[in-house]
Amino acid sequence: MTTELPKQYEPQAAQQRWYSQWEQDGRFDADPNPDKQPHTIMIPLPNVTGALHMGHALNGTLQDLITRWRRMQGYEALWQPGTDHAGIATQSVVERRMLEEEGLTRHDIGREALVERIWKWKDEYEARILNQLRQMGASCDWRRTRFTLDEVCSAAVRKTFFKLFSEGLIFRGKRLVNWDTFLQTAVANDEVFHETVPGHFWTFTYPVAGSDEKIAFSTTRPETMLGDSAVAVHPDDERYKHLIGTNVVIPLTGREIPIIADGQLVDKELGTGAVKVTPAHDHNDYACGQRHGLELINILNADGTINEAGGPYAGMDRYDARKKCIADMEQLGHLVEIEDREIEIAHSDRSKTPIEPYLSDQWFVAMQDLAQAAIDAVEDGRVRFFPARYSKTYLDWLGEKRDWCISRQLWWGHQIPIWYCDSCTEAELQAAFADRDDVAFRRDAEDTIWLICSETDLAEDALGGDHKLTRDPDVLDTWFSSALWPHETLGWPEKTESLDYFYPGSVLITSRDIITLWVARMVIMGLYNMGDIPFAHVHIHPKILDGFGQTMSKSKGNGVNPMDLIDKYGTDALRFTIASFAGESQDVKLPVGYECPHCGNVIPQTLKHQKAIPAGGDKPRVKCDKCKQESQFSSAWFDPDPGEPVARIVSERFEYGRNFCNKLWNAARFAIMNLEGYTPGEISESELRLEDRWILSRLSRTTRAVNELLSEYKFDAATRTLRDFVWNEFCDWYVEMVKPRLRDEAAQASSQRILVGVLDGIVRLLSPFTPFVTEELWSRLNEIAPERGLFEPQTAADSCMIAPYPDFPADWQNEGLESEFARLQETIVAVRNLRAVYRIANAVELKLHIRCSAEVAAELNDVASQFENLAKAELVAAGPDVDSPPASASFSLTDADGFVPLEGIVDLDAELKRQQAEAEKIRGHIAGHEKKLSNQNFVDRAPPHVVEDVRETLAGLKKQLESVDEIIGQLSG
RNA sequence: GGGCGAUUAGCUCAGUUGGCUAGAGCGCCACGUUUACACCGUGGAUGUCGGGGGUUCGAGUCCCUCAUCGCCCACCA
């Protein structure tokens with residue numbers, strides 16, 4: 001009737017078939033529905049810079065898991081997809097490539113052409129990324145896919161900027177920024193990395209004006225002498241106290257600057273105790289300059305050359321100027337010492353060139369009130385972090401309330417909607433924009449120019465022919481638009497139905513490194529624009545590290561491509577394994593290896609492999625330790641030569657998921673093979689056997705645990721719970737126990753109904769974790785048993801992913817029955833153990849005598865056939881009067897002793913030794929317990945139930961020991 | 001320098017509010033093709049729970065301290 005299932009689950013076919021089917025059926029679509037509760041997850045938008053990595057795979061798996069789970073629970077579940085334009089990251093990737101391949105810089109081709117190229121890049125990579133998400137089974141509502149430069153997002157950005165500007169929360173100011181002289185842009189702190197390089201530490205002197213004295217100081221950047229505004233000493237430093245208030249002369253330029261006292265900047269014990277102060281080129285000096293009202297002397301042009309403030313050095317590159325400053329100072333007799341020293345130099349993460357602290361005009365958002373609102377939202381519990389400890393990261397950062405620099409000197413992004421006019425009057429502006437409520441203007445802080453903010457683009461001649469408007473060329477920080485993600489994607493500032501229904505979101509799932517950059521800012525902007533939090537929960541998941549505990553990154557060459565893993569192990573295996581990683585406590589190490597293309601052997605990856613960069617001729621190779629052949633391998637540093645067999649990166653960790661999927665597949669395969677002649681029908685209580693009631697009890701308990709664990713984002717525990725249940729309980733015990741009934745005509749109908757009912761529940765439980773294999777099985781079950789269920793048969797849903805998520809009655813749970821079952825299991829294991837110890841072949845039938853209470857005997861007799869079935873042993877006697885037959889091997893449980901006559905097989909000496917070892921072990925446990933109980937403090941102070949437990953356990957152990965001793969007596973007698 | 005986290009079997013990790021005779025997967029050993037599955041089954045071995053103090057009747061779990069590792073923030077004239 002049905003075609004037989006293959007012995008192994010074949011993921012690739014199922015993945016292709018079902019994903020397109022789901023999309024075709026609109027299964028991922030989420031629309032406002034008054035009859036359902038909304039459940040909203042906004043994707044942490046991937047950058048359009050490259051391909052998905054393991055971090056995305058983890059992040060995406062968890063979001064999809066929660067979305068699928070909630071969808072099955074009956075929520076209108078939206079998973080909003082999209083990508084981020086990622087300002088600097090994308091622009092610099094495109095620029096770098098352009099330079100490498102064509103020798104062109106952005107200045108060669110101009111703004112428009114560069115932006116056009118980046119759009120092309122974006123189209124290609126966005127498509128690739130979204131396609132990779134699909135391969136991971138992501139159930140995003142693709143109709144809603146957004147890109148942060150989409151029209152709706154632009155509108156939201158404009159609106160927000162305008163609102164902030166109008167309310168005085170956006171201002172323009174001079175600030176020291178991290179300047180990338182190569183890309184000619186400010187870069188954020190998080191885009192800066194520090195590298196230790198060998199350098200020098202120069203000590204110079206400045207002569208004190210009108211005196212013979214000199215004051216010595218040290219620096220690692222001599223050219224900044226050109227911009228010095230003061231020399232600072234510690235107010236308590238006896239060496240220099242008398243000089244405070246006098247002036248020194250900078251020999252290079254002849255400029256006079258004061259000696260000031262600053263206890264914050266200066267540490268008496270360090271260096272000479274005197275510090276040159278360059279407020280325009282050093283962050284600490286800047287703060288010092290603010291304290292003392294020092295002049296800000298900017299000596300650099302945007303490209304890193306010295307500007308006119310540098311006098312004779314103007315026009316030189318800063319490093320050439322450095323050499324000349326040193327030479328000149330030496331010639332003037334002011335160079336004291338050169339010391340070789342390792343220096344940490346800030347580098348731009350994008351261009352990999354050294355950063356210069358640089359004074360420039362930037363736009364800021366005033367954070368005082370905005371940050372406070374976001375702090376309140378977490379402190380009063382409207383936004384909750386899982387795990388809770390991460391709220392500290394969030395609160396600490398927001399607590400600093402540092403103004404947010406939102407301007408970036410880039411061409412790729414949302415251009416700042418500000419126009420300047422330096423010639424017009426207020427009256428002219430008012431006249432021009434009288435009827436415009438989307439235009440606002442004011443003077444800048446220094447009262448030099450008009451700042452005009454508009455929600456729509458203004459023409460150059462918007463003020464008439466006399467005045468020219470020029471637009472600020474800068475773009476906004478990427479995070480400005482992504483901060484709006486949770487509401488802009490739903491149509492804000494329009495009051496759309498979707499916005500009303502899906503906002504605020506349910507949970508944000510992301511990794512900890514963007515708690516400040518992104519999570520905090522979404523809360524801020526959500527509260528500001530919507531008057532409501534963007535999401536109720538924030539789940540922070542672990543990071544996947546390489547086998548050596550390092551974060552995976554392109555620059556380390558230790559990345560792993562999830563698509564390779566999908567190819568090798570299947571999507572479900574990847575998802576299931578990844579979910580098993582995602583616990584609360586720590587990051588996860590993922591050792592990987594190279595799969596030998598010749599023999600399939602996996603060669604462990606070493607640090608050397610990660611760093612192997614081809615130098616000249618041949619590409620690096622990896623040697624297989626099994627077949628001794630060499631091959632090129634997947635690497636971040638080179639593409640293997642065409643036609644070469646390639647050792648790709650795999651990880652045996654994913655066999656965990658693959659094997660599990662296969663186990664599930666085969667359990668279902670077994671069931672389906674045994675559903676011949678299945679008829680749907682009600683299952684009555686009276687038909688239930690011990691194993692049925694047991695598996696239902698376990699199923700109910702498992703279901704409940706999984707639902708609870710998922711609601712707390714404990715994916716690892718949920719995964720383990722399911723695996724244990726399916727493999728160790730359902731497959732290992734239940735399926736084995738029903739086998740005889742399925743062959744027995746009288747019992748067949750009901751056992752088929754129960755079996756398929758339980759399997760149906762398992763498949764639904766697993767569907768959010770492993771959507772493809774479950775859907776495949778679901779469709780097979782729909783062919784052979786379209787009506788099924790516990791206890792009333794119902795027509796199954798067309799697709800597993802829209803079937804209701806299980807929520808079995810709690811009253812199926814039965815603790816007494818489970819412990820009764822546990823005794824049966826123990827007994828069977830004990831018999832199997834004897835078989836193994838005495839090497840008795842399965843074909844040899846054993847006889848089993850059990851001494852136990854009449855009550856236990858009755859229970860065992862009820863399931864006597866299972867001893868035959870599972871241990872190939874016949875239960876010949878059970879009860880209080882059972883004696884050990886001669887030449888028996890035996891085992892002893894808490895409330896039963898078992899004897900297996902093994903005439904001619906059992907080696908009585910060996911058996912004696914085995915029992916003696918057993919007795920020894922029990923005595924050890926007994927001693928431990930007795931010690932506890934003999935401690936009066938324990939008996940008096942420990943809770944009564946704990947004491948009672950210990951007493952009971954001890955009694956059990958003693959009884960067990962008695963039996964063992966008796967056996968020993970018989971054996972040695 | 002400040003904060004957070006980690007250190008448990010050869011490897012990768014679980015271990016809820018202290019009650020543990022410390023678990024899982026992989027790997028290892030022995031046996032096994034019993035018609036769901038060798039991506040399997042059955043049985044087995046393996047730990048001073050990083051070191052040292054303390055609190056407690058009782059510590060893998062709480063506190064202090066040291067060591068090592070990771071991440072975040074700040075800073076390094």
Side-chain angles (χ1 to χ4, degrees), chain A residues 5 7-9 189-190 194 201 217-221 224 232 265-267 270-278 282-285 288 343-344 387 389-390 392-393 396-397 400 512-513 515-516 542-543 545 547 549-551 569 573 577 580-581 583-591 651-653 655-656 658-674 714 716-717 720 723-724 728 731-732 735-736 739 829 832-837 839-843 870-872 921-922 924-926 928-929 932 935-943 945-947 949-950 953 957:
Chain A
L5 273 62
K7 275 188 165 191
Q8 278 185 12
Y9 169 55
N189 282 334
D190 50 277
H194 293 264
F201 194 55
F217 58 87
S218 304
T219 180
T220 56
R221 293 187 298 154
T224 61
L265 182 68
V266 181
D267 180 343
L270 279 181
T272 65
V275 182
K276 66 193 275 305
V277 186
T278 324
D282 182 281
H283 289 97
N284 283 321
D285 294 5
C288 172
I343 329 172
E344 277 213 349
R389 74 183 116 95
Y390 288 111
K392 191 168 162 52
T393 308
D396 286 353
W397 186 79
E400 292 180 33
R512 77 179 97 85
D513 41 12
I515 290 174
T516 55
K543 292 177 81 156
L545 310 174
Q550 303 173 297
T551 50
Y569 304 101
T577 309
S580 80
F581 290 164
E584 291 214 298
S585 60
Q586 59 183 335
D587 294 343
V588 170
K589 279 189 263 188
L590 181 66
S651 172
E652 286 162 331
R653 295 288 304 273
E655 289 175 8
Y656 179 78
R658 183 200 58 187
N659 294 355
F660 176 71
C661 290
N662 196 243
K663 189 70 183 176
L664 172 70
W665 177 261
N666 274 292
R669 180 170 174 260
F670 169 80
I672 289 165
M673 284 165 59
N674 283 281
K714 294 176 178 167
D716 61 337
R720 258 199 317 277
R723 198 200 108 102
D724 288 350
N728 303 126
C731 291
D732 288 352
V735 169
E736 292 306 325
K739 276 180 179 174
V829 168
R832 287 170 174 171
N833 178 253
L834 286 183
R835 238 182 227 287
V837 167
R839 308 269 162 93
I840 302 164
N842 267 352
L870 299 173
K872 289 275 185 307
K921 208 166 108 192
I922 297 170
H925 294 322
I926 287 176
H929 284 72
K932 247 186 194 178
N935 181 340
Q936 198 55 42
N937 275 326
F938 172 72
V939 178
D940 291 347
R941 298 197 201 180
H945 73 272
V946 173
V947 179
D949 281 355
V950 173
T953 311
L957 285 166

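Protein chains get the first letters and strands the later ones, always in sequence-line order, with residue 1 at the start of each.
A:Lys7 has a side-chain polar atom (N or O) that falls below the 4.0 Å cut-off from OP1 or OP2 of B:C37. Between A:Asn833 and the phosphate of B:U42, there is no side-chain N or O to OP1/OP2 separation shorter than 4.0 Å. Phosphate proximity of B:G3 to A:Lys392: absent, as no side-chain N or O sits under 4.0 Å from OP1 or OP2. The phosphate of B:G58 (OP1 or OP2) has no side-chain N or O of A:Asn935 nearer than 4.0 angstrom.
Shown here, B:C69 forms a base pair with B:G5; the pair counts as Watson-Crick or G-U wobble because both key distances fall under 3.5 Å. Pairing for B:A74 is absent, judged as Watson-Crick or G-U wobble with the two contacts each under 3.5 Å. B:A59 is unpaired under the criterion used here, namely a Watson-Crick or G-U wobble arrangement in which both key atom distances are under 3.5 Å. Look at B:U42: its Watson-Crick or wobble partner, with both distances under 3.5 angstrom, is B:A30.
Whole-Å rounding puts the A:Glu652 CD to B:C39 P distance at 13 Å. At whole-Å resolution of the value, CH2 in A:Trp665 and P in B:C37 are 14 Å apart. A:Leu834 has its CG atom 11 Å from the C1' atom of B:G43, to the nearest Å. To the nearest angstrom, P of B:A24 lies 12 Å from CZ of A:Arg720. Straight-line distance from the CD atom of A:Glu736 to the P atom of B:U42: 8 Å, rounded to whole Å. The distance between atom CD1 of A:Ile840 and atom P of B:G43, rounded to the nearest whole Å, is 15 Å.
Between A:Asp282 and A:Lys276 there is no salt bridge, since no side-chain N of the basic residue sits under 4.0 Å from a carboxylate O of the acidic one.
Residue order along RNA chain B, read from the 5' end via each residue's closest nucleotide, puts A:Asp716 first among A:Leu265 and A:Asp716.
For the P atoms, the distance from B:G5 to B:G15 is 15 Å, rounded to whole Å. For the P atoms, the distance from B:A22 to B:C31 is 30 Å, rounded to whole Å.
The shortest distance between side-chain heavy atoms of A:Asp587 and A:Arg512 falls below 4.5 Å. Using a 4.5 Å cut-off on side-chain heavy atoms (C-beta onward), A:Ile515 and A:Tyr390 make contact.
Taking all atoms of both residues into account, the shortest heavy-atom contact from A:Tyr9 to A:Cys661 is CD2-CB, 4.2 Å. Of all heavy-atom pairs between A:Arg653 and A:Lys589, the closest is NH1-O, 3.1 Å.
Residue contacts shown for A:Cys661 are absent, as no nucleic acid heavy atom lies under 4.0 Å away.
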